[in-house]
Protein chains: 2
Amino acid sequence: MEPPAQPKRVTIVDVARHAQVSTTAVSKVLRNAYGTSPQMRARVRQAIDDLGYRPFAAARGMRGQTYTVGVMLPDIRNPFFPEILDGITDALWETDYQVLMAPGRNGEAAEAKVTEAMIDRGMDGMILVAPVSSRSHLERVAGMVPTVVVGRHGRSAAYDTVSDDDLAGAALVVDHLADLGHRRIAHIEHDETDPRRIEEMPNAIRADGYRRAMRARGLEDEISIVSTTYTQRGGYLGAQQLLTRSPRPTAIFAGADIVAMGVLQAVSEAGLEVPDDISIAGYDNTTFAALGPISLTSVDQAGRHIGTNAAQLLIDRIGDRVRPTAQIKFSPTLVTRRTTAPPPG
Amino acid sequence: MEPPAQPKRVTIVDVARHAQVSTTAVSKVLRNAYGTSPQMRARVRQAIDDLGYRPFAAARGMRGQTYTVGVMLPDIRNPFFPEILDGITDALWETDYQVLMAPGRNGEAAEAKVTEAMIDRGMDGMILVAPVSSRSHLERVAGMVPTVVVGRHGRSAAYDTVSDDDLAGAALVVDHLADLGHRRIAHIEHDETDPRRIEEMPNAIRADGYRRAMRARGLEDEISIVSTTYTQRGGYLGAQQLLTRSPRPTAIFAGADIVAMGVLQAVSEAGLEVPDDISIAGYDNTTFAALGPISLTSVDQAGRHIGTNAAQLLIDRIGDRVRPTAQIKFSPTLVTRRTTAPPPG
DNA sequence: CTGAAAGCGCTAACAC
DNA sequence: GTGTTAGCGCTTTCAG
């Protein structure tokens with residue numbers, strides 16, 4: 001058996017004929033536009049049901065909206081980002097908008113490719129999560145299509161933002177560890193060289209928050225940072241370096257849970273016990289931080305919540321493209337688990 | 001500062017004028033179509049660069065292709081699925097196709113919504129990963145747009161498939177445990193009630209593979225299955241049931257890594273040690289199975305590889321819609337780690 | 001309140 | 001090898 005020949009799509013013309021009205025009328029009913037009588041709406045709706053009509057987005061896109069919003073996530077392997085997507089999808093579930101996601105792969109070139117592809121496909125709006133692209137690129141994108149940027153700090157007149165207070169989050173961790181009695185608290189950061197990004201990227205802000213919090217606790221002499229990447233391997237390599245230092249840190253604050261996973265690995269290979277010999281804290285409170293055998297102390301960012309808020313902001317922006325931009329900032333909380341305890345001795 | 005007024009898009013007409021050729025010529029060059037001289041191609045390319053032209057997908061979609069493929073994943077929280085998406089994205093990276101993903105949320109209604117949205121948006125092809133929809137729905141979709149189904153067993157004349165040999169995978173686990181000396185090996189499955197799906201869904205096949213392998217080892221009297229869901233909570237509840245049985249199983253084969261996470265939790269709460277008191281095995285070999293503190297024995301499905309093959313199949317199918325459908329089946333391998341060992345005593 | 005008609009940007013016959 | 005032209009399905013003036 002061959003695949004069945006494509007049945008020709010039902011169009012607005014078919015619906016109009018069936019309902020004995022004009023195509024204009026159908027179009028108006030579809031968009032809940034002004035100027036349709038109740039009985040006309042009823043007849044058109046009936047015809048739509050009878051024929052199983054569904055609007056063809058490409059055709060709509062040529063004149064008006066596509067009812068599609070694009071989401072770019074940096075890395076779907078990091079379990080924190082799916083939470084955000086989930087929040088976005090939930091918020092838009094009951095609307096006519098369909099959410100479509102593409103991975104940005106943590107690179108400027110890849111991100112540019114994705115944002116252009118989305119613009120070319122007529123997205124009505126875009127949500128860019130923790131993009132690494134330059135601010136000017138982001139503003140150019142936002143100039144073409146309503147855009148919400150998630151995770152980057154710093155306000156722009158071109159796009160709305162939703163972010164988490166990474167400065168406060170880092171302080172939460174440092175304070176928690178210091179309260180337990182730790183002094184030699186080290187940090188593993190995601191290396192940020194581009195000076196223009198250093199003020200905006202969450203990873204850089206966390207490192208800064210760590211420094212400030214250490215100083216605030218009078219621990220400036222103990223500040224100790226290793227720069228790798230926000231990956232499991234980055235955590236592994238970073239921890240290896242830290243463990244050879246002498247005196248050895250009694251606690252490691254990893255900039256992301258995924259980094260903490262690598263740290264745990266290195267610590268275990270070094271024959272050390274967590275938390276008896278060394279305390280570990282992560283960031284993001286991802287699902288695997290909560291897993292029994294891991295039970296990682298981590299900073300919770302409420303990813304879902306970030307997602308729903310970003311979606312709402314985008315809908316508002318699509319509705320009014322010239323209103324002033326908004327900046328929503330959430331406060332993180334600390335979830336303490338079994339990887340942190342008072343220092344040995 | 002207001003967002004800058006939208007600069008009007010550069011169209012094919014602008015390019016044609018700039019290059020002093022017809023719009024047809026530009027269109028042909030864009031599609032590498034037959035009948036263009038080298039010098040014309042050069043001039044058109046030059047004009048495209050000069051003007052920064054990019055084709056508008058919505059307009060293309062009205063006549064031909066949109067150069068977009070849609071991927072539906074059941075659940076992006078399960079870290080196995082991102083691997084597949086990664087494989088797909090990689091395979092299509094150098095092509096003109098853009099990959100766009102939407103979550104199917106493990107429900108027939110949600111899946112229908114997503115597949116329709118993708119069809120409405122003129123996707124050139126779709127890859128549906130582990131869909132729960134009825135076969136007839138899948139075939140209807142495949143009749144409208146080239147489709148590859150990943151994970152479901154059973155051949156269809158309407159769509160190509162890529163799957164993993166779940167029967168063999170389950171046997172790998174049972175044999176491994178039996179070789180270690182276990183006899184009371186229990187299984188936690190994802191409950192499948194729909195008889196039409198029971199023959200196709202990977203979860204059902206795994207349960208079946210477990211039963212067959214147990215019989216093949218002469219352990220038919222020890223067959224013990226708990227039906228919950230492929231979630232962490234499902235694993236937790238399932239394990240709680242199993243641990244109260246007497247005699248207690250000495251090994252639990254969880255149908256998915258995420259399930260094994262819940263099992264580990266329940267086992268730990270019951271005060272039992274893994275693997276000394278009880279062995280645990282999972283399925284999917286997700287990133288967290290490999291994490292040091294977890295180190296879960298699991299079946300590897302090579303998700304990336306599944307993704308790249310599905311993408312290739314889809315490209316082939318887009319190129320020739322009537323060629324016979326293909327069924328690719330991969331063989332899983334077992335990765336043994338620290339959660340399995342000989343039974344106590 | 002309703003409908004006729006003009007495109008949106010692109011592709012595909014079909015002529016030249 | 002190249003250009004002219006007629007739409008694809010929808011939205012949007014603009015008359016009636």
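Every heavy atom of this structure was used, including side-chain atoms; hydrogens, water molecules and symmetry mates were not. Worth saying up front: this structure is predicted, and the values here are computed from it rather than measured. Below, chains carry the letters A, B, ... as their sequence lines are ordered, and counting in each starts from 1.
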message = Could you check whether atom CD of A/Glu199 has more than 12 heavy atoms from other residues, nucleotides or ligands sitting under 6.0 Å from it?
response = no
inquiry  = I'd like to know if A/Arg196 and A/Asp194 make a salt bridge, using a cut-off of under 4.0 Å between side-chain N and carboxylate O.
reply    = yes
ask   = Considering residues at least two apart in sequence or located in another chain, which fulfil the side-chain hydrogen bond (donor to acceptor under 3.5 Å, both in side chains) criterion with A/Asp96?
value = none
message = Between the side chains of B/Arg77 and A/Glu83, is the shortest nitrogen-to-carboxylate-oxygen separation below 4.0 Å, so that they form an ion pair?
response = yes
remark   = A/Arg17 atom CZ is separated from C/dG3 atom P, nearest whole Å, by 15 Å
ask   = Which value, rounded to the nearest 0.5 Å, describes the distance between B/Ile12 atom CD1 and B/Thr24 atom OG1?
value = 8.0 Å
inquiry  = Can you measure B/Tyr34 atom OH to C/dC14 atom C1' for me and round it to whole angstrom units?
reply    = 16 Å
message = Does C/dT2 have its OP1 or OP2 closer than 4.0 Å to a side-chain nitrogen or oxygen of A/Ser37?
response = yes
Identify each atom pair where a protein N or O and an N or O of nucleotides 8-11 of chain C are less than 3.5 Å apart, giving names and distance.
residue	atom	partner	partner atom	Å
C/dG9	N2	B/Ala59	O	3.4
C/dC10	OP1	B/Tyr53	OH	2.4
C/dC10	OP1	B/Phe56	N	3.2
C/dC10	OP2	B/Ile12	N	2.4
C/dT11	OP1	B/Arg60	NE	2.9
C/dT11	OP2	B/Ser27	OG	2.9

ask   = Axis-to-axis angle across the helix from C/dC1-D/dG16 to C/dC16-D/dG1, five pairs an end, to 10 degrees?
value = 30°
Extract all donor-acceptor atom pairs below 3.5 Å that involve side chains of residues 32-39 of chain A and protein atoms in other chains or at least two apart in sequence.
residue	atom	partner	partner atom	Å
A/Thr36	OG1	A/Arg41	NH1	2.9
A/Ser37	OG	A/Met40	N	3.3

inquiry  = Among residues at least two apart in sequence or on other chains, which ones pass side-chain hydrogen bond (donor to acceptor under 3.5 Å, both in side chains) with A/Glu200?
reply    = A/Arg135, A/Arg152
task = Could you tell me the separation between the CD atom of A/Gln20 and the P atom of C/dT2, rounded to a whole number of Å?
result = 14 Å
task = Measure the distance from CD on A/Gln39 to P on C/dC1 and round it to the nearest whole Å.
result = 10 Å
request  = Under the side-chain hydrogen bond (donor to acceptor under 3.5 Å, both in side chains) rule, collect the residues that match up with B/Ser22, sequence neighbours excluded.
outcome  = none
query = Tell me: CG of A/Asp124 to P of D/dT11, nearest whole Å?
reply = 12 Å
